[in-house]
Amino acid sequence: MIYVSLPDNEVRRLSFYLALEEYVARQLAPADYFFMWQVEPSVIFGRNQLIENEVNLDFCRSHHIQMYRRKSGGGCVYADMNNVMFSYITADDQVGFTFNRYMSMVVLMLQRLGIDASGSGRNDVMIGDKKVSGTAFYKIPGRSIVHGTMLYDTDMINMVGAITPSNAKLLSKGIASVRQRIALLKDYTLLTLEEFKDHVRKCLCDEEVMLTAADVSSVEELEKWYLSDEFIFGKNPQYTLVKQRRIEHVGDFEARITLKNGIIQRVNLMGDFLLVGDLDKGLLDMLRGLPLTQEALRRRLPDRIDDIVMNLMTEDFVRLLTE
């Protein structure tokens, strides 16, 4: 695998690294690429999440925590300079296969340090029964992009406060609860964070490509979209009906449905589910013009939609919209 290096050691905004992933996927020759990055305190939420549902905006602003949206699905994540983020880009656009291969590489890399790591759930790397890494992914034609966290250490107050109410009592309880469910690598290895990053690179990569100043300028141009209010905050059209449900092994869903005389005009689907296909053209567009009834939905929808939303069954989706 080829490690992607930058011509300087500058710490950039999180949006730059999201743009860098996309640039590598679109512009570099087909191959497997990997790089690591760190950012000043930031939260990053999934493509289909509403920022006001996931992020404590007041806390983030008062604690100088930046807020960004990514193009992949999944939940909200906090990052700072005490942990490290991974990016993996491959020419294989079979997202499910690529995702499993990435998870296996990360688990094996940790096991080589003598750490009891394993893959679990939809997208987590575990140490014992505690989460040390979360992963998300998306694809463009011919390429897949996988990115994940790796918790070496972190600011627990910022992590919990950025995504929960900032009431002091709730924050204290939240920190205690989260600390019981997450693993910090510093508790499982004697390596420093920099030594750990060296280990990761040696385990996963055997080549290097150094980007040029012109490449960096192109990434910065691409980054402008990631920094736009339209992308970060999204467009929230008016709706007449809201349906919410958690579907086991799939995620949390909020469907906002616009109806006219009982006929579906638009469906906006949000949540922390993971996409493996085109949500809008592949699923939501086919709902327009249908009566909001189970019978009509079952007739129109294909037998399988888990090639669009990971693990989602058609019948569960019908029930989400109608019950």
Interatomic distance, R288 atom CZ to I264 atom CD1 [nearest 0.5 angstrom]
11.0 Å
Under a 3.5 Å cutoff, is there a donor and acceptor pairing between the side chains of R298 and T293?
no
With sequence neighbours left out, the residues meeting side-chain contact (heavy atoms from CB on, under 4.5 Å) with A183 are I127, K130, V132, Y188
Does F59 form a side-chain contact (heavy atoms from CB on, under 4.5 Å) with N158? I'd like the steps, not just the answer.
CA-CA 9 Å; F59 183 95; N158 277 354; 3.9 Å; yes
With R69, which residues qualify under salt bridge (charged side-chain N to carboxylate O under 4.0 Å, His left out), at least two apart?
none
Do the side chain of Q244 and the main chain of E254 share a donor and acceptor less than 3.5 angstrom apart?
no
Is there a donor-acceptor contact under 3.5 Å from the side chain of T90 to the main chain of D32?
no
Among all residues two or more places apart in sequence or in another chain, which pass the side-chain hydrogen bond (donor to acceptor under 3.5 Å, both in side chains) test with D316?
none
Quick one: list whatever passes salt bridge (charged side-chain N to carboxylate O under 4.0 Å, His left out) with E22, sequence neighbours left out.
R26, K71
Joint hydrophobic cluster, V267 plus I263, side-chain heavy atoms closer than 4.5 Å:
no
Flag the pair V200 / V106 as yes when at least one side-chain heavy-atom distance between them is below 4.5 Å, and no otherwise.
no
Applying salt bridge (charged side-chain N to carboxylate O under 4.0 Å, His left out), can you list everything that pairs with K202, at least two apart in sequence or on another chain?
none
Got L279 and N48 here, is their nearest side-chain heavy-atom distance under 4.5 Å?
yes
For the hydrophobic clusters of this structure (ILVMFWY residues joined by side-chain heavy atoms under 4.5 Å, transitively), does one cluster hold both V24 and I2?
yes
Please identify each residue that fulfils side-chain contact (heavy atoms from CB on, under 4.5 Å) with R245, with sequence neighbours left out.
I247, R319, L320, E323
Evaluate the side-chain proximity of L292 to L259: yes if any heavy-atom separation is below 4.5 Å, no if none is.
yes
Donor on one side chain, acceptor on other, D80 and Y78, under 3.5 Å
yes
Testing V219, I44, L227, L222 one by one against L18 for a side chain to side chain contact (heavy atoms under 4.5 Å, CB included), which residue passes?
I44
Once side-chain hydrogen bond (donor to acceptor under 3.5 Å, both in side chains) is applied, do any residues pair with D252, and if so which ones, sequence neighbours excluded?
R246
Is it possible for you to say whether M313 and I308 belong to one hydrophobic cluster, with membership spreading through side-chain heavy-atom contacts below 4.5 Å?
no
Counting C-beta onward and ignoring hydrogens, is there a side-chain heavy-atom pair between L6 and L211 closer than 4.5 Å?
yes
Close side-chain approach of V209 to S5, heavy-atom, < 4.5 Å:
no
Would you kindly say whether T154 and N83 are connected by a side-chain donor-acceptor distance under 3.5 Å?
no
Students often mix this up, so state it plainly: with edges at 30° and 60°, are the rings of Y138 and H147 parallel, tilted or perpendicular?
tilted
Distance (rounded to the nearest 0.5 Å) between D272 CG and Q49 CD
6.0 Å
Below 6.0 angstrom between ring centroids: does that apply to F137 and F99?
yes
With a 3.5 Å distance limit and no angle check, can you tell me whether R47 reaches the backbone of R70 through a side-chain donor-acceptor pair?
no
Taking atom CG of D124 and atom OG1 of T149, what is their separation to the nearest 0.5 Å?
8.5 Å
Counting N and O atoms only, with roles assigned by atom type, does the side chain of T189 sit under 3.5 Å from a partner on the main chain of K186, one being a donor and the other an acceptor?
no
Pairs satisfying ring pair (Phe, Tyr, Trp, His ring centres under 6.0 Å), at least one member in residues 273-295, at least two apart:
F253-F273
Among residues two or more places apart or on two chains, list those pairs meeting ring pair (Phe, Tyr, Trp, His ring centres under 6.0 Å) that have a residue in residues 299-319.
none
Steps toward side chain to side chain donor-acceptor pair (under 3.5 Å) verdict (S218, D215):
CA-CA 5 Å; S218 296; D215 290 322; 5.6 Å; no
Would M81 end up clustered with F35 when hydrophobic side chains under 4.5 Å apart are linked, directly or stepwise?
no
Take S72 and I145 through the test side-chain contact (heavy atoms from CB on, under 4.5 Å) and record every step on the way to the result.
CA-CA 9 Å; S72 60; I145 297 170; over 6 Å; no
Under 3.5 Å donor-acceptor, Y17 side chain and R12 backbone:
yes
Check for a donor-acceptor pair, side chain of R304 on one end and backbone N or O of D307 on the other, with a separation under 3.5 Å.
no
Hey, are the side chains of E230 and W225 touching, using non-hydrogen atoms and a 4.5 Å cut-off?
yes
Determine, using the 4.5 Å side-chain heavy-atom cutoff (strictly less than), whether L184 and M126 are members of one ILVMFWY cluster.
no
Is the Y226 to Y68 ring centre distance short of 6.0 Å?
no
Which residues satisfy the side-chain hydrogen bond (donor to acceptor under 3.5 Å, both in side chains) test with S217, sequence neighbours excluded?
none
Between the side chains of E295 and R300, is the shortest nitrogen-to-carboxylate-oxygen separation below 4.0 Å, so that they form an ion pair?
no
Residue among V309, L312, N123 satisfying side chain to side chain contact (heavy atoms under 4.5 Å, CB included) with L274
N123
As an exercise, state the distance from CG of L297 to CD of E315, rounded to the nearest 0.5 Å.
10.0 Å
Between CD1 of I163 and CD of E54, what distance do you get to the nearest 0.5 Å?
8.5 Å
Close side-chain approach of T98 and Y88, heavy atoms under 4.5 Å:
yes
Residues pairing under side chain to side chain donor-acceptor pair (under 3.5 Å) where one sits in residues 35-46, two or more places apart or in two chains, turn out to be W37-S87, Q38-K197
Under a 4.5 Å cut-off applied to non-hydrogen side-chain atoms, are V43 and C60 in contact?
yes
Does V125 offer a backbone N or O that forms a donor-acceptor pair with the side chain of S120 under 3.5 Å?
no
Identify all side-chain donor-acceptor contacts of residues 108-116 below 3.5 Å with residues at least two apart in sequence or on another chain.
from : atom 1 : to   : atom 2 : distance (Å)
Q111 : NE2    : A117 : O      : 3.0

